[in-house]
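I have placed the structure first, in the form of structure tokens, so that the comments after it can refer back to it.
A note on names: the letters A, B, ... follow the listed sequences, proteins ahead of strands, and every chain is numbered from 1.
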2 protein chains.
Amino acid sequence: MDTEPPYFDANSEPLAARIATGLHKIGLAMKQQAWQQANTAGLSATQGQILATLVAGGPLSGSELSERLGVTLPTISDSVRVLVEKTLVTKSPDPRHPRASLLTPTPKGAELGARARSWPEFMADAVQDLTPEEQRAFFAGIVKMIRMLQEQGLIPLTGMCVTCKHFRPNVRTGPAPHHCALVDAPLSSDQLRLDCQEHERASETARREVWEQFLRRR
Amino acid sequence: MDTEPPYFDANSEPLAARIATGLHKIGLAMKQQAWQQANTAGLSATQGQILATLVAGGPLSGSELSERLGVTLPTISDSVRVLVEKTLVTKSPDPRHPRASLLTPTPKGAELGARARSWPEFMADAVQDLTPEEQRAFFAGIVKMIRMLQEQGLIPLTGMCVTCKHFRPNVRTGPAPHHCALVDAPLSSDQLRLDCQEHERASETARREVWEQFLRRR
DNA sequence: TGAAGTAACTTCGGACTCCTAAGTTGTCAA
DNA sequence: TTGACAACTTAGGAGTCCGAAGTTACTTCA
């Protein structure tokens, strides 16, 4: 860097870095929004997230929540205690594991959770201004990014078609080249899910293979 | 919603909502990453952000920081106190305002700040897998989204070309249709800056007009 | 010439977040 | 029956945030 004013030339920050900056800014808005929405609902941000996750993904144990929300167990444990005190969730023994307990929202908790699920909707509104084509391109970018971040262990391997046992990429030509073997239905690239309840994690080798197959042709 | 298993049909979540979900997941990774990077540098997340912002944008006052980082003054005040104790920033009177003080990083602080600026780079890496074309589309989407969110008051009006006094959108045809009047240089859509130091906020009516002009033709 | 206002903080108290480290406690395997 | 294991829970401590309530140096108006 010298003392010259900035010119818009090759020395400008690379596109990838500016994309990162942009995502950072968007992330800031999300954080603030979540905080505020939670507060007006009488919850904390994490409490809202927990309820939303339980409503979206059925009863879960503490450790599952911990993985999905990217915080440690103690943090979950704390928040859950409060939620139980508020009678928004109940605990019941988990048949799958000895010491685990399944968390289920009460009716009141389910209602708040359903509302919390719609917190990111303000962003969906902001996306509406993009043309459908731009939206598709944007979504494709997001899917690829998430996959990369999952590979680096920064995002849990949950809910995305492209890491699911039942996903068959590029099995035909046309607008919907992919296939979901679970519901036996064709699938276009912009119908891919990020948060499917039925998601079952494929093995590591299978995931790698599926991803390569997915990238091939488009 | 009924009891049927989910089919990939029109009843699936709309694309915009899934984009929001995706951004949410990416935001999660950013949060975690920031926390971890800050910790290994011996800082807290906000302290790192403050240093990075000061290094990137020159000396700022507390309220400017507060606006850019989207937290209230007390929070900034707290963190700055710690940074001063650690001798990473110094305060000096601000000539522009009576009661304000300009915050300047010390050499040690500047070094940490420079390092903190590169924290979002892990995301830039994740973007590298997108084709250049995909990157451009992705970036275009981000710019539009940020603009929308700014209009809703969720992101500060700072640093983006499209809200700057010196920006002239679509003044010519060809690959670089825009123009920056400050450095008097042509500008393509994917050279737009999100964090220009020289940014000067245009008036509200000017911003609205510029944006309309920007959307027209592409 | 003073009184009131304004802007930019700072301090305080309190709720939450988030971590690591150190227990608990049921179950299963040896 | 003695460990090992898994899934929490508790304790302790730093940090993040906020609203409310001071400070304090000018500015402005009467």
Would you please confirm or rule out a distance under 4.0 Å between OP1 or OP2 of D:dC18 and any side-chain N or O of B:Thr75?
yes
Begin from the C-alpha positions of A:Leu88 and A:Leu51 and carry the test side chain to side chain contact (heavy atoms under 4.5 Å, CB included) through to its verdict.
CA-CA 8 Å; A:Leu88 295 173; A:Leu51 285 178; 4.3 Å; yes
Quick one: is B:Lys91 getting a side-chain N or O under 4.0 Å of the C:dA8 phosphate, OP1 or OP2?
no
Inspect the contact between A:Arg68 and A:Glu64 and indicate whether a charged nitrogen and a carboxylate oxygen are less than 4.0 angstrom apart.
no
Residue B:Val71, side-chain atoms from C-beta onward, closest of C:dC19, D:dC18, C:dT11:
D:dC18
A:Arg201/A:Glu67 salt bridge by N-O under 4.0 Å criterion:
yes
Less than 4.0 Å between a side-chain N and a carboxylate O, is that true for B:Arg115 and B:Glu111?
yes
What residues from residues 21-49 of chain B pass a heavy-atom cutoff of under 4.0 Å to DNA chain C?
B:Lys31, B:Trp35
Considering only NZ, NE, NH1 and NH2 on the basic side and carboxylate oxygens on the acidic side, decide whether B:Lys25 and A:Asp195 come within less than 4.0 Å.
yes
So, do A:Phe167 and A:His179 have ring centers that fall under 6.0 Å from each other?
no
Below the 4.0 Å mark, does C:dT10 have OP1 or OP2 next to a side-chain nitrogen or oxygen of B:Ser77?
yes
Between C:dA8 atom P and B:Glu67 atom CD, what is the distance in whole Å?
11 Å
Report, as yes or no, whether the 6.0 Å neighbourhood of atom CD on A:Glu209 holds more than 12 heavy atoms from other residues, nucleotides or ligands.
no
A:Thr163 side chain to A:Gly159 backbone, donor-acceptor under 3.5 Å
no
I'd like to know if B:Arg81 and B:Glu85 make a salt bridge, using a cut-off of under 4.0 Å between side-chain N and carboxylate O.
yes
What is the separation between atom CG on A:Leu65 and atom P on D:dT9, rounded to the nearest whole Å?
11 Å
Check: protein-nucleotides 11-14 of chain D nitrogen or oxygen pairs below 3.5 Å:
none

Within the structure, does a side-chain N or O atom of A:Ser61 lie under 4.0 Å from either OP1 or OP2 of D:dC8?
yes
For A:Val89, the option from A:Thr104, A:Thr106, A:Leu54 that meets side-chain contact (heavy atoms from CB on, under 4.5 Å)
A:Leu54
Does a donor on one side chain and an acceptor on the other come within less than 3.5 Å for B:Thr158 and B:His199?
no
I need the A:Ile146 CD1 to A:Leu157 CG distance, nearest 0.5 Å.
11.5 Å
Value in whole Å for how far the P atom of D:dC8 lies from CD of A:Glu64
8 Å
Side-chain N or O of A:Thr72 less than 4.0 angstrom from OP1 or OP2 on C:dC18?
no
Whole-Å distance between C:dC16 C1' and A:Leu69 CG?
15 Å
Rounded interatomic separation in angstrom, taking CD1 from A:Ile76 and P from C:dC18
9 Å
Do any side-chain nitrogens or oxygens of B:Ser63 fall under 4.0 Å of OP1 or OP2 in C:dA7?
no
Pairing annotation in dot-bracket form, given for DNA chain C with Watson-Crick or G-U pairs under 3.5 Å and | for cross-strand partners
||||||||||||||||||||||||||||||
Could you state the atom-to-atom distance from CG of A:Leu73 to P of C:dC18 in whole Å?
14 Å
